[in-house]
**Student:** 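The structure that follows is given in the form of structure tokens.
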Amino acid sequence: RGTVSLDVANALAEEGGVMLVPENGFYEFILDPENNSLSVTPSPAAAMSSWSIVGKFNDWDPTTGIPMYTYGNWHIAFSVELTQMLGETGGMGFKFVKNKSWDNNRGYTGYVGGEGGHKVVELDTEIPLSQGGGNIQLVEDGTYDVYMNTATDKAFILEAGAPFLH
């Protein structure tokens, strides 16, 4: 188990362990089986997204949401501290907003409009999204990686650092 060096050929062992990247982000991996090596370089394709995460944790202010990065159709935020996820009253949880405005927002499909609409979701399961949908809630506060796909209107929430396999 070790951290790879970036922009160089990292030697691979026949019974090697886990290789880690130095920090969260987007990388390109090039396997060279002839030389038994792996090169890892930061990907220039990732950029700031026009989407962000807002919720009870920031008083639902779309101008101060948690920024996301875009990679193709995916909008991603790593190691996000999500708090105030559950409660007896409405207004808990979070949603996604575009361009720091409620004009274009995504929440849980199946509940649209009104105060207090929500859905408690499981980690690492597909979350269907729709314009104006309900608040997304988690069973507990924590640090998560958040993935949203605008082409399919789906999202996934994983524990921070968990592999994303969707």
Side-chain angles (χ1 to χ4, degrees), residues 4 18-29 40-166:
V4 298
V18 174
M19 298 177 82
L20 304 172
V21 291
E23 62 186 47
N24 285 336
F26 299 92
Y27 296 90
E28 294 178 2
F29 296 85
V40 181
T41 58
S43 174
M48 289 303 297
S49 171
S50 57
W51 289 90
S52 58
I53 303 168
V54 298
K56 180 68 174 171
F57 57 84
N58 77 330
D59 293 323
W60 296 98
D61 181 354
T63 65
T64 62
I66 297 168
M68 301 182 83
Y69 292 89
T70 186
Y71 193 82
N73 291 322
W74 288 100
H75 302 271
I76 304 164
F78 293 112
S79 298
V80 174
E81 188 71 28
L82 293 176
T83 60
Q84 301 182 29
M85 287 291 105
L86 287 178
E88 294 297 319
T89 61
M92 306 303 274
F94 70 96
K95 290 185 181 187
F96 302 98
V97 297
K98 186 173 184 178
N99 296 325
K100 299 183 179 189
S101 167
W102 285 106
D103 292 342
N104 192 349
N105 73 86
R106 295 290 186 275
Y108 183 81
T109 296
Y111 184 89
V112 179
E115 182 71 27
H118 67 277
K119 172 68 175 176
V120 178
V121 299
E122 300 285 329
L123 293 181
D124 201 15
T125 59
E126 185 177 283
I127 303 165
L129 302 173
S130 62
Q131 170 66 25
N135 300 349
I136 301 166
Q137 294 181 322
L138 301 169
V139 173
E140 62 184 4
D141 295 352
T143 305
Y144 301 100
D145 293 340
V146 180
Y147 300 81
M148 179 186 67
N149 188 310
T150 53
T152 61
D153 267 341
K154 306 279 188 237
F156 294 88
I157 315 299
L158 283 73
E159 288 186 29
F164 182 66
L165 305 173
H166 303 280

**Student:** Testing Ser50, Ser52, Ser49 for side chain to side chain donor-acceptor pair (under 3.5 Å) with His75, which one passes?
**Tutor:** Ser49

**Student:** Could you check whether any side-chain N or O of Lys95 sits under 3.5 Å from a backbone N or O of Gly133, counting only pairs where one atom can act as donor and the other as acceptor?
**Tutor:**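 It does hold such a pair.
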
**Student:** For His166 versus Trp74, what's the shortest heavy-atom pair and its separation?
**Tutor:** O-CZ2, 4.4 Å

**Student:** With Asp124, which residues qualify under salt bridge (charged side-chain N to carboxylate O under 4.0 Å, His left out), at least two apart?
**Tutor:** none

**Student:** Could you go through the side chain to side chain contact (heavy atoms under 4.5 Å, CB included) check for Ile127 and Ile157 one step at a time?
**Tutor:** CA-CA 8 Å; Ile127 303 165; Ile157 315 299; 3.6 Å; yes

**Student:** Please report the C-alpha distance between Val121 and Gln137 in whole Å, then the side-chain angles of each, then the deciding distance to 0.1 Å, and finally whether the side chain to side chain contact (heavy atoms under 4.5 Å, CB included) criterion is met.
**Tutor:** CA-CA 6 Å; Val121 299; Gln137 294 181 322; over 6 Å; no

**Student:** Is the backbone N or O of Asn58 less than 3.5 Å from a side-chain atom of Asp61, with the two atoms forming a donor-acceptor pair by type?
**Tutor:**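 Absent.
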
**Student:** Just jot down the salt bridge (charged side-chain N to carboxylate O under 4.0 Å, His left out) partners of Lys98, sequence neighbours excluded, or say none.
**Tutor:**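 Counting only residues at least two positions away or on another chain, Lys98 forms no salt bridge (charged side-chain N to carboxylate O under 4.0 Å, His left out).
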
**Student:** Going by the rule salt bridge (charged side-chain N to carboxylate O under 4.0 Å, His left out), which residues pair with Glu126 if we only count those two or more places apart in sequence or in a different chain?
**Tutor:** Lys154

**Student:** Locate the shortest heavy-atom distance separating Pro163 from Leu158; write the atom from each residue and the value.
**Tutor:**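 It is O-CD2, 3.1 Å.
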
**Student:** Identify the heavy atoms of Asn135 and Met92 that sit nearest to each other, and give their distance.
**Tutor:** ND2-O, 3.1 Å

**Student:** Do other residues, nucleotides or ligands put more than 12 heavy atoms under 6.0 Å from the CD atom of Glu81?
**Tutor:** yes

**Student:** Please lay out, stage by stage, how Leu138 and Leu82 fare under the test side chain to side chain contact (heavy atoms under 4.5 Å, CB included).
**Tutor:** CA-CA 9 Å; Leu138 301 169; Leu82 293 176; 3.9 Å; yes

**Student:** Locate the shortest heavy-atom distance separating Ala77 from Pro67; write the atom from each residue and the value.
**Tutor:** CB-O, 3.8 Å

**Student:** Taking all non-hydrogen atoms of both residues, which atom of Pro22 and which atom of Tyr27 are closest, and how far apart?
**Tutor:**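 So the two residues come closest at CD-OH, 4.1 Å.
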
**Student:** Are Asp59 and Thr64 packed together at the side-chain level, in the sense that at least one heavy-atom pair is separated by less than 4.5 angstrom?
**Tutor:**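 Heavy-atom side-chain distance check fails, nothing below 4.5 Å.
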
**Student:** Can you spot which of Phe164, Tyr69, Tyr71 makes a ring pair (Phe, Tyr, Trp, His ring centres under 6.0 Å) with Tyr147?
**Tutor:** Phe164

**Student:** As a quick check of understanding, evaluate side chain to side chain contact (heavy atoms under 4.5 Å, CB included) for Phe96 and Thr150, giving each step before the final call.
**Tutor:** CA-CA 11 Å; Phe96 302 98; Thr150 53; over 6 Å; no

**Student:** Please give me the minimum heavy-atom distance between Phe57 and Thr83, naming the atom from each residue.
**Tutor:** CB-OG1, 3.4 Å

**Student:** So how far is it from Phe156 CZ to Glu122 CD, rounded to the nearest 0.5 Å?
**Tutor:**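 Reported to 0.5 Å precision, the distance equals 13.5 Å.
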
**Student:** Output yes when a side-chain donor or acceptor of Asp145 lies under 3.5 Å from a complementary backbone atom of Ala160, and no otherwise.
**Tutor:**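 No: the side chain of Asp145 does not pair with the backbone of Ala160.
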
**Student:** Atom CH2 in Trp51, atom CD1 in Ile66: separation rounded to 0.5 Å?
**Tutor:** 15.5 Å

